[in-house]
Amino acid sequence: MENSQDYIINQWLKTYEPINEIAKTEDIHIESVSETVKNLALQRTGFENLGMKYITDKGWYRQYQYMLLLKSESEIDEQRLTNYDWLDGLCDWLAEKNAKKDFPILEENKKVIEVSCANALNYEESEDGAISVYYLQLYFNIRKEK
């Protein structure tokens, strides 16, 4: 599992310092959030084949799509705004990493070319509105050479 692409991306995301404030007692879960209030999950939502730059290129180029789920308190507006600010901060961090080409290191023949994010929104909330799960779409453009 330690060499799996999703695991490597998961661990790379943990280098964003504020993630450790939320996931301090747990890792970023795979697929779904846990019962505890403050936690994160990374869920792959699919991939799309992208066009190669040259017809002579061998291998493939894909955009892997993930949802980062943040489960947090949301009873009052201040908490909701704090959650959106946290997600915006992660997007800013990803933009900085993209500009510097500072990406996770995958298998030797796979390489992350670009990262981006979109669509920070309230995905689901408890019946009383005290706890919400927020969603942030993450995109990893990955090239594999043969």
What closest approach, in Å, do Q5 and L106 show between heavy atoms, and which atom pair accounts for it?
-> CG-CD2, 4.2 Å
Where the side chain of Q43 meets the backbone of E31, is there a donor-acceptor pair that is under 3.5 Å apart?
-> yes
Can you tell me if NZ on K111 sees more than 12 non-hydrogen neighbours from other groups inside 6.0 Å?
-> no
So do Y134 and L69 actually touch side chain to side chain, heavy atoms under 4.5 Å?
-> no
Going by an N to O cut-off under 4.0 Å, is there a salt bridge joining K38 and E21?
-> no
Side-chain heavy atoms of L138 within contact of L42, under 4.5 Å | yes
Going only through I, L, V, M, F, W and Y residues with side-chain contacts under 4.5 Å, is there a path from W12 to V112?
-> yes
Does any pair with a residue in residues 115-144 pass salt bridge (charged side-chain N to carboxylate O under 4.0 Å, His left out), and if so which ones, sequence neighbours excluded?
-> D57-R143
Is there a chain of hydrophobic side chains (I, L, V, M, F, W, Y, each step under 4.5 Å between heavy atoms) that links M67 to I30?
-> no
Close side-chain approach of D77 and R80, heavy atoms under 4.5 Å | yes
If you round to the nearest 0.5 Å, how far is CG of N109 from NZ of K146?
-> 10.5 Å
So, do N141 and R62 sit near enough that their side-chain heavy atoms are less than 4.5 Å apart?
-> no
L94, Y16: one ILVMFWY side-chain cluster at the under-4.5 Å cut-off?
-> yes
Just do the side chain to side chain contact (heavy atoms under 4.5 Å, CB included) check on V133 and V33 with the steps written out, would you?
-> CA-CA 8 Å; V133 176; V33 291; 4.3 Å; yes
Are the ring centres of Y64 and F140 closer than 6.0 Å?
-> no
W86 ring center near W93 ring center (under 6.0 Å) | no
Is a donor on one side and an acceptor on the other found under 3.5 Å between the side chain of K71 and the backbone of E35?
-> yes
Can you tell me which residue pairs pass the salt bridge (charged side-chain N to carboxylate O under 4.0 Å, His left out) test with a partner in residues 46-55, sequence neighbours excluded?
-> none
Can you tell if the side chain of I19 reaches within under 4.5 Å of the side chain of L40, non-hydrogen atoms only?
-> yes
Verify side chain to side chain contact (heavy atoms under 4.5 Å, CB included) between K58 and E145, making sure each step is shown before the conclusion.
-> CA-CA 6 Å; K58 303 273 190 245; E145 297 177 0; over 6 Å; no
Distance in Å, T82 OG1 paired with L87 CG, rounded so as to fall on 0.5 Å steps = 11.0 Å
Matching residue for S132 among S74, S126, S72 - test: side chain to side chain contact (heavy atoms under 4.5 Å, CB included) = S74
How close do F103 and I113 get, heavy atom to heavy atom, and via which atoms?
-> CE1-O, 3.3 Å
Of all heavy-atom pairs linking L136 and A118, the shortest is CD1-O, 3.5 Å
Closest heavy-atom pair, S34 versus N39, reported as atoms and distance to 0.1 Å, is N-OD1, 2.9 Å
With sequence neighbours excluded, tell me which residues meet ring-ring contact (aromatic ring centres under 6.0 Å, His included) with Y139.
-> none
Only one of T45, N10, D6 forms a side chain to side chain contact (heavy atoms under 4.5 Å, CB included) with Y66, so which one is it?
-> D6
Side-chain contact test, heavy atoms from C-beta onward, threshold under 4.5 Å: evaluate it for Y61 versus I142 and give yes or no.
-> no
Quick check: are there more than 12 heavy atoms from other residues, nucleotides or ligands sitting under 6.0 Å from CD of Q11?
-> yes
Could you check if a side-chain atom of Y135 sits within less than 4.5 angstrom of a side-chain atom of N122, using non-hydrogen atoms only?
-> no
Would L70 and Y84 show up in the same hydrophobic cluster when neighbours are defined by side-chain heavy atoms closer than 4.5 Å?
-> yes
Candidate pair Q137 and Q65, rule side chain to side chain contact (heavy atoms under 4.5 Å, CB included), full reasoning | CA-CA 7 Å; Q137 188 74 43; Q65 302 152 1; 3.5 Å; yes
Check the hydrophobic clustering (I, L, V, M, F, W, Y; side-chain heavy atoms under 4.5 Å; chains of links allowed) and say if V115 and I8 are grouped together.
-> yes
Would you indicate whether the side-chain heavy atoms of V37 and E73 approach each other to under 4.5 Å?
-> yes
What closest approach, in Å, do P104 and I9 show between heavy atoms, and which atom pair accounts for it?
-> CG-CG1, 4.3 Å
K100, NZ atom: more than 12 neighbouring heavy atoms under 6.0 Å = no
